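Residue numbers begin at 1 in each chain, while the letters A, B, ... track the order of the sequences. This is a predicted model, so every value here is computed, not measured.
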Amino acid sequence: MRTLDAMLETSPWFVALGAPARERVRTSLVVREYPTTAFVCRKGEPSDHWIGVIEGLVKLNALSPSGKCVTFTGVPAGSWFGEGSVLKREARKYDVIALRASRVVLMPEATFHWLLDTSFSFNRHLLMQLNERVGQFIGMVEHERLLEPDAKVARALASLFNPQLYPATGPQIQISQEELGYLAGVSRQRVNQALQQLEKAGLVKAEYSAVTILDLDGLRCFEG
DNA sequence: GCATTAACACGTA
DNA sequence: TACGTGTTAATGC
């Protein structure tokens with residue numbers, strides 16, 4: 001995923017639009033670049049855009065009053081997020097931070113609501129995406145309460161490769177073990193141990209600041 | 001017992 | 001140099 005146009009061609013709701021609507025959407029979009037650790041959005045800001053990741057990886061993040069950090073989800077290239085707050089016309093509820101150099105596309109709120117009012121394919125896509133997210137987050141609660149750390153790390157990794165939400169993701173993801181820890185809810189040291197177990201089981205290959213998935217289905221049902 | 005934090009040496013970009 | 005990794009020791013639930 002290198003360019004905005006490549007991103008749009010893999011967005012099913014966009015492909016389904018007629019030429020005039022595509023043009024209207026296309027001209028309203030703005031592309032921005034962010035270096036690693038930069039804020040794409042901050043908690044409390046107005047939600048005036050739907051956000052797509054063209055290149056890179058961003059995370060939805062929250063910081064506790066005592067300074068602890070949790071990551072709700074990582075968003076890889078090819079996917080859109082942030083519709084919840086735009087739909088409700090409320091302030092951003094979480095920080096969005098680039099995990100590595102990332103190119104992002106912003107769709108203005110006005111375009112978003114116009115699509116909502118005029119395009120069945122857009123509505124259908126949004127419904128699918130929200131439904132998929134509900135399933136993902138319910139799964140997260142289940143894993144958080146029921147699974148051991150090795151399995152939590154396995155599911156956290158697998159969640160970054162949801163083909164419904166993230167259609168155009170290759171098998172390798174560039175993410176540090178510390179960030180995986182924030183995503184899985186375990187310490188960096190424990191992530192390191194878990195990755196060694198998952199590697200031994202032939203499910204992943206751990207690399208420097210990256211993980212390659214070898215067996216996605218195996219990761220999804222890994223229980224130790 | 002097991003995970004977490006802290007601390008350290010080492011390797012990599 | 002700055003950051004990520006692999007490991008160990010002390011601490012806490």
Enumerate, atom names and distances included, each donor-acceptor pair closer than 3.5 Å involving a side-chain atom of residues 15-23 of chain A, sequence neighbours excluded.
unit_1: A/Arg22; atom_1: NH2; unit_2: A/Glu9; atom_2: OE2; d: 3.1

To the nearest Å, give me how far apart [atom1] ([X]) and [atom2] ([N]) are.
X	N	atom1	atom2	result
A/Leu99	C/dC3	CG	P	15 Å
A/Gln197	C/dG6	CD	C1'	14 Å
A/Gln196	C/dT8	CD	P	10 Å
A/Arg188	B/dT5	CZ	C1'	11 Å
A/Arg190	B/dC2	CZ	P	10 Å
A/Lys152	B/dA3	NZ	P	9 Å
A/Gln177	C/dT7	CD	C1'	12 Å
A/Tyr182	B/dT5	OH	P	9 Å

**OP:** Using a 4.0 Å heavy-atom cut-off across all strands, classify A/Ser176 as base, sugar-phosphate, or nothing.
**Re:** sugar-phosphate
**OP:** Can you figure out which of C/dG4, C/dT7, B/dA3 approaches the side chain of A/Pro149 most closely?
**Re:** B/dA3
Below 4.0 Å: OP1/OP2 of [N] and any side-chain N or O of [X]:
X	N	value
A/Asn192	C/dT5	no
A/Gln189	B/dA7	no
A/Gln193	C/dG6	no

Subject >> Same cluster (ILVMFWY, side-chain, under 4.5 Å), A/Leu214 and A/Phe161 >> reply: no
Original post:
Do you know the tightest heavy-atom contact between A/Ile51 and A/Arg92?
Top reply: CD1-NH2, 3.7 Å
Original post:
Take atom CD in A/Glu148; do more than 12 heavy atoms of anything else shown fall under 6.0 Å from it?
Top reply: no
